[in-house]
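What you see is a predicted model, and the numbers here were worked out from it, not measured in a lab.
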Amino acid sequence: MVSVRAGLISAVVLVANVVVHGSIFMFFRDSALSPLLTAVLAVLWGVLGVYSLYYTLTWAVEQYPEHVRKRVLPYVFIGPAVVLLGWLLVLPAVRTLYLSFFNASSETFVGLANYAAIFTDRLMATALRNNLLWVFVGTLACVALGLLIAILADRSSYEKVAKSIIFMPMAISFVAAGVIWKFVYYYQPGERQIGLLNAIVTALGGEAQAWTSMIQPWNNFFLILILIWMQTGFAMVIFSAAIKGVPEDILEAARVDGAGEVSIFFRIMIPYIQTTILTVTTTIIVFTLKIFDVVMVMTGGQYGTEVVATQFYRQFFMYRNFGYGSTLAIVLLIAVLPVILINVRQFRKQGGF
């Protein structure tokens, strides 16, 4: 009898929450209020709405017997987040997969034709090649430099200052970094150069170059340099924390036994922090696979710098080719998934889940 009563209460509370919050959402969607007032009310609704949602659901669960309450209560706290993630991530992914089997107007089913076109399109071949460059060159440089700087900075008396300067680019977005480096690489015909790099080159007696357009395919490396500038600080901070966790007595014992610093680095430090290296590497690989902002700001994907994400943007939003654009999005998802699964497995080994 208690379970039936508690079940009815739970159903009523759940339905009431859906109706109330759904009505509020419809009100905001259809209202003619000013944008500022709508934003203020939406923030208030977000704060009070989350509180009321969890409060009412928790109260409903407390009506159950103790053994049932212990099992159900954790799902009350993670349930809304799971539903929200499913609505914002899973459903769009499923719809994108569905659209990838249709033509440009999403009216005619074409099967795997869009997927076959990816491997026969010349622009896509360039985009895939460039993405591989970003993955291998960008990731390797970020990890190697981050590890090297972490080792050197930890032994310097200016550790805090050095780390702050190197980590500083992480405080800005990829778009802002693209704007900054666009001025660094800026080129204009003539002797007067306002771009920092060309100004230095001409001051040293060299000839100004259009670094991001005319020097192909090397211009991709100039774009990858922006990623290295931004992500090396991230890698450095993570590696520095891991290195500080290496037991000092092990290092001292190795030094007493006559091991050099290089030998200690490769035989003790690297094996000890290998899980951290794997995590940082996979994280940066995900960044490089999804790279979009820097390329779009710097070159717009022109001059042989196209990547999969910029090609997806062009096909879906500019050319309105929804089938092919959705296919490119799914290809990016497939490329990122194995890296994410490696990270998840690593977290499980470390007891993160």
Side-chain angles (χ1 to χ4, degrees), residues 8-63 72-99 105-106 167-183 230 234 286-287 290-298 300-301 309-310 312-322 325-326 328-330 332-333 336 340:
L8 289 174
I9 291 175
S10 300
V12 170
V13 168
L14 184 60
V15 171
N17 273 294
V18 171
V19 171
V20 170
H21 294 293
S23 301
I24 295 174
F25 172 77
M26 298 294 288
F27 167 76
F28 282 123
R29 189 191 68 176
D30 301 329
S31 70
L33 299 174
S34 67
L36 179 60
L37 181 59
T38 301
V40 172
L41 292 176
V43 170
L44 290 175
W45 170 48
V47 175
L48 298 177
V50 169
Y51 175 80
S52 66
L53 177 66
Y54 280 105
Y55 179 83
T56 54
L57 290 178
T58 304
W59 177 82
V61 171
E62 288 176 350
Q63 309 306 311
V72 176
L73 195 58
Y75 296 100
V76 169
F77 287 100
I78 67 171
V82 171
V83 171
L84 188 62
L85 285 174
W87 183 28
L88 297 177
L89 296 178
V90 177
L91 288 180
V94 172
R95 184 174 181 274
T96 302
L97 177 63
Y98 172 78
L99 291 175
S105 60
S106 303
F167 187 76
M168 199 175 297
M170 280 290 297
I172 62 177
S173 66
F174 275 103
V175 173
V179 173
I180 292 171
W181 281 84
K182 197 164 188 176
F183 284 105
M230 294 192 66
F234 161 75
V286 171
F287 283 143
K290 302 187 303 178
I291 197 69
F292 170 80
D293 318 63
V294 171
V295 178
M296 185 57 68
V297 171
M298 295 293 294
T310 57
F312 155 71
Y313 174 81
R314 290 186 189 283
Q315 294 293 336
F316 199 95
F317 295 104
M318 296 178 65
Y319 305 150
R320 313 298 289 176
N321 189 342
F322 300 120
S326 299
L328 294 176
I330 294 299
L332 272 180
L333 178 63
V336 170
I340 294 175

Study note, to complete from the structure: Smallest heavy-atom separation, Phe322 atom then Ser106 atom, equals CB-OG, 3.6 Å
Check your understanding: Among side-chain atoms of Asn17 and Thr56, is any donor-acceptor pair under 3.5 angstrom?
Key -> yes
Point to revise | Intermediate values then yes/no, side-chain contact (heavy atoms from CB on, under 4.5 Å), Phe316 and Leu328 | key: CA-CA 9 Å; Phe316 199 95; Leu328 294 176; over 6 Å; no
**Study point:** Between CD1 on residue Ile24 and CG on residue Leu48, distance to nearest 0.5 Å
**Key:** 9.5 Å
Practice item. Evaluate the criterion side-chain contact (heavy atoms from CB on, under 4.5 Å) for residue pair Gln63 and Trp59; output intermediate values, then yes/no. Key: CA-CA 7 Å; Gln63 309 306 311; Trp59 177 82; 3.4 Å; yes
Practice item. Compare every heavy atom of Ser31 with every heavy atom of Thr38, then report the nearest pair and how far apart it is. Key: OG1-OG, 4.4 Å
Check your understanding: Can you name the nearest heavy-atom pair linking Ile172 to Met230, along with the distance?
Key -> O-CE, 3.2 Å
Check your understanding: So does Tyr54 have more than 12 non-hydrogen atoms from other groups sitting under 6.0 Å from OH?
Key -> yes
Check your understanding: For Tyr75 and Val82, what are the C-alpha separation, side-chain angles and deciding distance, and is it a side-chain contact (heavy atoms from CB on, under 4.5 Å)?
Key -> CA-CA 9 Å; Tyr75 296 100; Val82 171; over 6 Å; no
Point to revise | From CG (Leu99) to CD1 (Ile330), nearest 0.5 Å | key: 9.0 Å
Practice item. State, with a plain yes or no, whether a side-chain heavy atom of Asp293 is found less than 4.5 Å away from one of Ser173. Key: no
Exercise for review: Find out whether Ser23 and Val19 are in side-chain contact, i.e. whether some heavy atom of one side chain is under 4.5 Å from a heavy atom of the other.
Suggested key: yes
Exercise for review: Taking all non-hydrogen atoms of both residues into account, name the closest pair between Pro92 and Gly86 and its distance.
Suggested key: CD-O, 4.4 Å
**Study point:** Gap separating the CG atom of Leu332 from the NZ atom of Lys290, nearest 0.5 angstrom
**Key:** 9.5 Å
Check your understanding: Would a 4.5 Å heavy-atom cut-off, applied to side chains only, mark Ser34 and Leu37 as touching?
Key -> yes
Review point. Taking everything shown except Phe312 itself, do over 12 heavy atoms lie less than 6.0 Å from its CZ?
Key: yes
Check your understanding: Parallel under 30°, tilted from 30 to 60°, perpendicular over 60°: which one fits the rings of Tyr51 and Tyr55?
Key -> parallel
Review point. Are the side chains of Ser326 and Arg95 in touch, meaning some heavy atoms are under 4.5 Å apart?
Key: no
Check your understanding: Is there a side-chain contact between Val90 and Leu85, using heavy atoms and a 4.5 Å cut-off?
Key -> no
**Study point:** Donor-acceptor under 3.5 Å (Lys182 side chain, Val297 main chain)
**Key:** yes
**Study point:** Inter-residue atom distance Leu73.CG - Leu57.CG, 0.5 Å rounding
**Key:** 10.0 Å
Review point. Are any of the side-chain heavy atoms of Phe27 and Leu33 separated by less than 4.5 Å?
Key: yes
Check your understanding: Do the rings of Phe28 and Trp45 sit parallel, tilted or perpendicular, given the 30° and 60° boundaries?
Key -> tilted
Study note, to complete from the structure: CE of Met318 to OG1 of Thr310, rounded to nearest 0.5 Å, is 10.5 Å
Review point. Above 12 or not: heavy atoms from other molecules or residues under 6.0 Å from CZ of Phe287?
Key: no
Point to revise | Nearest-0.5 Å distance that lies between atom CZ in Phe167 and atom CE in Met170 | key: 5.0 Å
